[in-house]
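Structure first, commentary second.
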Amino acid sequence: MSGSSPWQEVPFLDRPPRAAVHGEAWHEVDDYGLAVLALWCLRVDRAASAPAGEPPLTRVTREESGTQDAWIRPRTPQEQADADDDLDHLLADAGVPPRPRGRRWYLRLPPGQGLEESVREWWWEINQRLEGTDQTPADELGVLEEILAREGLRSPRSG
């Protein structure tokens with residue numbers, strides 16, 4: 001990718017962030033979904049990235065003759081490329097440039113605010129507000145920006 005990317009506003013650390021100030025906590029952002037759109041919205045104020053290091057783990061389930069086996073293994077390079085491609089499509093549909101590859105991404109949230117719970121709450125409000133519409137990732141992003149600003153997570157200068 002040539003030129004400057006708004007993703008360059010996210011601090012690139014030499015290792016994953018550990019401690020946050022004032023009781024806040026860092027949460028790793030998965031490679032899909034609303035958390036990635038939140039990462040985009042909060043890239044200036046509450047985000048960080050670090051080298052990818054070891055590949056993310058993937059849960060594999062196999063069912064054979066009525067028996068189910070499940071195990072965890074590292075994601076293959078092709079699986080990671082596929083996940084990155086899917087993420088690029090989601091971001092493009094929301095009007096957001098592709099996220100640089102080869103990194104892990106983190107959001108810093110207030111004390112007691114977990115990422116998984118926050119994503120569920122944000123989805124609930126987005127779906128309530130867009131109910132009855134042909135909602136798109138761009139619509140979802142617009143509502144999410146309003147939610148994050150209302151919650152005080154996003155400053156007015158955040159692009």
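Only this structure's heavy atoms are used, side chains among them; waters, hydrogens and symmetry mates stay out. All figures in this text were calculated on a predicted structure; none of them were measured in a lab.
Defined by atom type and a distance below 3.5 Å, a donor-acceptor pair is present between the side-chain atoms of Q78 and D82.
Here NE2 of H27 is found 10.5 Å from CZ of R108. Values are rounded to the nearest 0.5 Å. Atoms CD1 and CD, on I126 and E146 in that order, are 10.0 Å from each other to the nearest 0.5 Å. The CZ atom of R99 sits 9.0 Å away from atom OG of S49, with the distance rounded to the nearest 0.5 Å. Note that CG of D84 and CZ of R103 are 12.0 Å apart. Values are rounded to the nearest 0.5 Å. Separation of atoms CD (E9) and CG (D45) is listed at 9.5 Å; rounding is to 0.5 Å.
In E116, the CD atom is not crowded: 12 or fewer heavy atoms of neighbouring residues, nucleotides or ligands sit closer than 6.0 Å. Within a 6.0 Å sphere centred on CH2 of W71, heavy atoms belonging to other residues, nucleotides or ligands number more than 12. Counting heavy-atom neighbours within 6.0 Å of R15 CZ, excluding the residue itself, gives a total of 12 or less. Heavy-atom neighbours of E54 CD from other residues, nucleotides or ligands within 6.0 Å: at or below the threshold of 12.
Counting heavy atoms from C-beta outward, N127 and E131 have side chains that stay 4.5 Å or more apart. Between L13 and R18, every side-chain heavy-atom pair lies at or beyond the 4.5 Å cut-off. Counting heavy atoms from C-beta on, the side chains of R150 and I147 come closer than 4.5 Å. Side-chain atoms of T61 and R59, non-hydrogen and from C-beta on, do get closer than 4.5 Å to each other. Counting heavy atoms from C-beta on, the side chains of E24 and P111 come closer than 4.5 Å. In this structure the side chain of D69 never reaches within 4.5 angstrom of the side chain of E64, judged on heavy atoms. For the pair T136 and D93, the minimum side-chain heavy-atom distance is 4.5 Å or more. Taking the side chain as every heavy atom from C-beta outward, P100 and Q8 never approach each other to under 4.5 Å.
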For this session: Apply the test side-chain contact (heavy atoms from CB on, under 4.5 Å) to residues R75 and D31: give CA-CA distance (whole Å), side-chain angles for both, the deciding distance (0.1 Å), then the verdict.
Result: CA-CA 12 Å; R75 191 180 285 168; D31 289 337; 2.7 Å; yes
Problem set entry | Derivation of the side-chain contact (heavy atoms from CB on, under 4.5 Å) call for L39 and W7 | CA-CA 10 Å; L39 180 70; W7 286 105; 3.9 Å; yes
Exercise. Given the rule in the side-chain contact (heavy atoms from CB on, under 4.5 Å) test, do R46 and L153 qualify, once you have shown the distances and angles that lead to the verdict?
Worked result: CA-CA 8 Å; R46 297 185 158 273; L153 296 174; 3.6 Å; yes
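Nearest heavy atom pair, residue E145 against residue C41, reads CG-SG, 3.4 Å. When all heavy atoms of P74 and E79 are compared, the pair lying nearest together is O-OE1, 4.4 Å. Taking all atoms of both residues into account, the shortest heavy-atom contact from A47 to R43 is CB-CA, 3.7 Å. For D139 against D134, the heavy-atom pair with the smallest separation is OD2-O, 3.8 Å. Closest heavy-atom contact between W123 and Q135: CZ3-NE2, 4.3 Å. Closest of all the heavy-atom pairs between P97 and W40 is CD-CH2, 3.6 Å.
Partner of V119 under the side chain to side chain contact (heavy atoms under 4.5 Å, CB included) criterion, out of L144, L34, D30, L37: L34 alone.
Under the 4.5 Å side-chain heavy-atom criterion for grouping Ile, Leu, Val, Met, Phe, Trp and Tyr, L141 is connected to L90 within one hydrophobic cluster. Hydrophobic clustering (side-chain heavy atoms under 4.5 Å, transitive across Ile, Leu, Val, Met, Phe, Trp, Tyr) groups V143 together with L148. Cluster annotation: W26 is not connected to V36 through the hydrophobic network of ILVMFWY side chains, with a link wherever side-chain heavy atoms come within less than 4.5 Å. In terms of hydrophobic clustering, with Ile, Leu, Val, Met, Phe, Trp and Tyr side chains grouped at heavy-atom distances under 4.5 Å, V96 and Y106 are assigned to different clusters.
With respect to the salt-bridge test (charged N to carboxylate O, under 4.0 angstrom), the residues R101 and D85 qualify.
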